[in-house]
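Quick note: numbers below take in every heavy atom, side chains included, and nothing from hydrogens, waters or symmetry partners. For the single chain, residues carry numbers from 1 onward in sequence order. These figures come from a predicted structure and were not determined experimentally. One-based numbering, in listed order, for ligands and for the atoms of each.
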Amino acid sequence: MANGDLMDKLVSLTKRRGYVFQSSEIYGGTGSVWDYGPLGVELKNNLKTAWWSTMVHQRDDIEGLDAAILMHPKVWEASGHVEGFTDPLVECSNCHRRFRADLPEVEGGQCPTCGTRDAFGPPRSFNLMFKTFMGPVEDAAATIYMRPETAQGIYVNFLNIQGTARQKVPFGIAQIGKAFRNEITPGNFIFRTREFEQAEMQFFVKPGTDDEWFERWKAERMEWHRGLGIRPEKLRFHQHTPDELAHYAKLAFDIEYEFPFGWKEFEGIHNRTDFDLSRHQEHSGKRLEYIDAATNERYIPYVIETSMGVDRTLLVVLADAYREETVEGEERVVLALNPKLAPLKAAVFPLVKKDGLPELATKLHEALRKAAIPSFYDEAGSIGRRYRRQDEAGTPWCLTVDGQTSEDGTVTIRDRDTLEQVRVGMDRVVGWLQERLAAR
Ligand code: GAP
């Protein structure tokens with residue numbers, strides 16, 4: 001399968017199965033904004049829960065936060081985003097489309113839209129933050145920004161959390177939330193959008209220990225993605241060159257995935273030094289030092305940041321899981337999702353719509369829902385077609401109620417990946433699934 005094809009196939013599969021829809025589609029869509037449908041929201045929630053569980057619930061040294069999207073405008077002056085969060089923009093004098101000046105075609109002097117050569121004006125800086133107004137008067141004093149990263153909500157709450165949670169440095173604060181960037185050239189489906197979600201963690205450490213913590217977090221985050229089941233040969237690190245480093249970073253590594261459109265970042269590990277806390281101390285006039293009670297030392301901690309794009313990681317998960325196979329002479333498309341992430345864990349089918357099988361299957365489906373195992377009941381079409389629909393949706397197990405069920409109370413469980421079938425007693429199915437979900 002050609003790489004370009006895979007993106008087209010993913011866009012169409014995710015629409016067909018209710019994962020992702022274009023925002024405001026009935027009005028022709030909104031530029032590079034996407035909505036998550038019934039299966040998409042489940043997959044996204046499962047991904048975020050997996051991250052939260054690892055970063056917050058399984059550790060004593062990281063606290064959670066849910067800060068507001070709208071923040072005091074001075075936050076973005078202090079953070080350097082008003083001045084420095086820009087991309088170089090050029091305009092084609094022939095078709096008047098605007099592009100990032102660092103796109104390879106643009107650097108080569110050719111307009112990606114109309115193909116005209118050497119028609120670009122000089123680059124100018126374009127700030128990526130969305131502006132809006134707070135309150136009823138649209139004057140400059142009320143201008144505020146939609147946050148372009150969630151991290152700043154963590155910095156301004158650093159002392160609130162350290163004090164109330166009685167944490168000692170080193171410790172971290174984690175948050176998942178929306179971020180907004182008025183990207184000049186968004187695209188590649190949910191890869192680069194104007195509204196997206198980040199799962200970020202800022203780890204506060206004593207200056208001098210930052211290099212060691214950086215290495216630890218770099219390794220931990222790569223391991224986490226491998227643990228999700230992403231193929232290791234499709235993952236790599238990329239170290240930022242001095243030109244690529246963000247205004248706040250001393251050292252940065254991206255975790256990259258080999259997408260159909262090339263190796264691209266989906267998570268960044270950054271050593272932000274004491275840049276952000278020092279700037280907030282300066283701009284707010286409030287001391288943001290940590291006092292070590294044991295030694296009486298005062299210092300502004302350094303920060304190691306892990307910043308994962310939720311939507312981009314979702315694209316990694318989907319692209320990595322997509323397979324086309326021939327099974328018993330028939331083509332099938334399958335999303336081999338990690339069962340922990342899969343939106344539906346099981347589908348329940350009566351083999352035929354008679355002999356009391358729909359009633360038995362409904363009973364089983366209800367037992368699964370009662371145990372909070374997301375399940376789908378389907379009695380429409382041939383059993384083969386029902387399997388194919390669930391393969392595409394990424395459902396790991398299909399449970400079929402057949403003639404034998406009425407005799408001995410067992411159902412067949414078919415594994416999405418191996419296609420193996422086993423018979424399990426109806427009263428044991430919930431436990432059987434729970435055991436397998438816990439083991440992943
Ligand atoms: N707080 C640091 C920070 O925001 P970043 O490298 O600009 O660093 C971190 O962004 C992650 O956020 C990226 O690795 C990516 O996954 C995600 N991200 C950034 N811009 C995005 C966009 N326009 N659309 C989707 N995801 C984006």
Side-chain angles (χ1 to χ4, degrees), residues 20 23 30-36 44 47-48 51 65 67 69 71 75-76 79-81 84-87 100 126-130 145-156 172-203 214 217-218 221-222 224-225 230 235-241 243-257 259 261 263-273 275-277 279 303-319:
V20 185
S23 161
T30 318
S32 290
V33 186
W34 299 88
D35 296 339
Y36 291 88
K44 203 177 191 204
L47 183 63
K48 290 191 282 186
W51 186 87
L65 172 71
I69 289 172
M71 301 179 75
V75 166
W76 305 108
S79 69
H81 283 82
F85 195 57
T86 56
D87 271 345
R100 274 175 68 145
F126 174 76
N127 195 299
L128 301 183
M129 283 196 294
F130 280 100
Y145 300 96
M146 309 284 283
R147 66 181 179 199
E149 61 168 6
T150 64
Q152 297 303 325
I154 294 180
Y155 296 128
V156 299
I173 303 174
Q175 135 160 270
I176 299 176
K178 290 267 186 172
F180 303 83
R181 296 184 189 178
N182 198 3
E183 297 282 359
I184 304 169
T185 330
N188 281 325
F189 192 29
I190 52 172
F191 178 81
R192 191 183 304 284
T193 54
R194 294 191 168 113
E195 173 178 342
F196 55 96
E197 244 177 320
Q198 291 184 315
E200 296 200 301
M201 192 280 299
Q202 316 293 312
F203 204 75
F214 186 90
W217 278 112
K218 192 178 140 209
R221 293 305 305 148
M222 179 61 101
W224 189 79
H225 292 293
I230 309 299
L235 293 167
R236 73 176 189 193
F237 284 115
H238 163 74
Q239 180 171 6
H240 281 207
T241 60
D243 288 355
E244 291 172 293
L245 279 178
H247 60 275
Y248 49 70
K250 162 180 148 184
L251 178 68
F253 275 74
D254 292 336
I255 302 181
E256 294 188 334
Y257 180 76
F259 289 97
F261 43 89
W263 286 96
K264 300 279 178 209
E265 162 201 4
F266 66 104
E267 168 153 357
I269 324 294
H270 312 128
N271 183 340
R272 293 180 74 136
T273 68
F275 176 86
D276 300 270
L277 288 180
R279 294 271 296 203
V303 170
I304 307 303
E305 169 182 68
T306 70
S307 176
M308 177 181 96
V310 176
D311 312 74
R312 258 187 217 181
T313 308
L314 207 114
L315 185 57
V316 168
V317 166
L318 288 169

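Every atom of ligand 1 with a heavy atom of F266 under 4.0 Å away is listed here by number and element: 14 (O), 16 (O). With ligand atoms numbered from 1 in the order given, ligand 1 contributes 14 (O) to contacts under 4.0 Å with heavy atoms of E267. Listed by number with element, the atoms of ligand 1 under 4.0 angstrom from any heavy atom of E305 are 1 (N), 2 (C).
Side-chain N or O atoms of H247 include one that pairs as donor or acceptor with a backbone N or O of S79 at under 3.5 Å. Checked by atom type and distance alone, the side chain of R221 never pairs as donor or acceptor with a backbone atom of I269 at under 3.5 Å. A donor-acceptor distance shorter than 3.5 angstrom exists from the side chain of R181 to the backbone of P148, with no hydrogens or angles considered.
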Derivation of the ring pair (Phe, Tyr, Trp, His ring centres under 6.0 Å) call for F189 and W34: CA-CA 8 Å; F189 192 29; W34 299 88; 4.8 Å; yes
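Ranking the protein heavy atoms by distance from atom 9 (C) of ligand 1 puts S307 OG, 3.0 Å first. Distance from atom 24 (N) of ligand 1 to its nearest protein heavy atom, with residue and atom name: T193 N, 3.0 Å. When only non-hydrogen protein atoms are considered, atom 15 (C) of ligand 1 lies nearest to R312 NH1, 3.5 Å. Among protein heavy atoms, the minimum distance from atom 25 (C) of ligand 1 is reached at F191 O, 3.1 Å. In this structure, the protein non-hydrogen atom closest to atom 10 (O) of ligand 1 is Q198 NE2, 3.5 Å.
Residue contacts with ligand 1 leave out D311, since none of its heavy atoms falls under 4.0 Å from the ligand.
Contacts with ligand 1 closer than 4.0 Å are made by side-chain heavy atoms of R272 only, the backbone lying farther away. The proximity of Y248 to ligand 1, defined as any non-hydrogen pair under 4.0 Å, is limited to the side chain. The parts of R192 lying near ligand 1 are both backbone and side chain, judged by heavy-atom distances below 4.0 Å.
Ligand 1 has no N or O atom lying under 3.5 Å from any N or O atom of A151, backbone or side chain. Considering backbone and side-chain N/O atoms, G309 comes within less than 3.5 Å of an N/O atom of ligand 1. For ligand 1, the polar-atom distance check finds an N/O of E265 within less than 3.5 Å of one of the ligand's N/O atoms. Of the N or O atoms in H270, none lie within a sub-3.5 Å distance of an N or O in ligand 1.
At a cut-off of 3.5 Å, with distance as the only test, no side-chain donor of Q152 or H81 sits close to an acceptor on the other residue. Q175 and E200 are not linked by any side-chain donor-acceptor pair at a separation below 3.5 angstrom, with hydrogens and angles left out of the test.
Across the listed options F85, F180, F196, F196 owns the non-hydrogen atom lying nearest to atom 21 (C) of ligand 1. The heavy atom nearest to atom 19 (C) of ligand 1, out of those in R181, E149, E200, is found in R181.
The pair K264-D254 does not count as a salt bridge, with every side-chain nitrogen at least 4.0 angstrom from each carboxylate oxygen. Checked for salt-bridge contact, E149 and R272 meet the test: a charged N lies under 4.0 Å from a carboxylate O.
Within the 4.5 Å cutoff, side-chain heavy atoms of K48 are placed close to those of V310.
Test F266, F196, F259 against F191 for ring pair (Phe, Tyr, Trp, His ring centres under 6.0 Å) and you get one pass: F259.
Between F130 and F180, the angle of the ring planes goes over 60°, which puts this pair in the perpendicular group of the 30/60° scheme.
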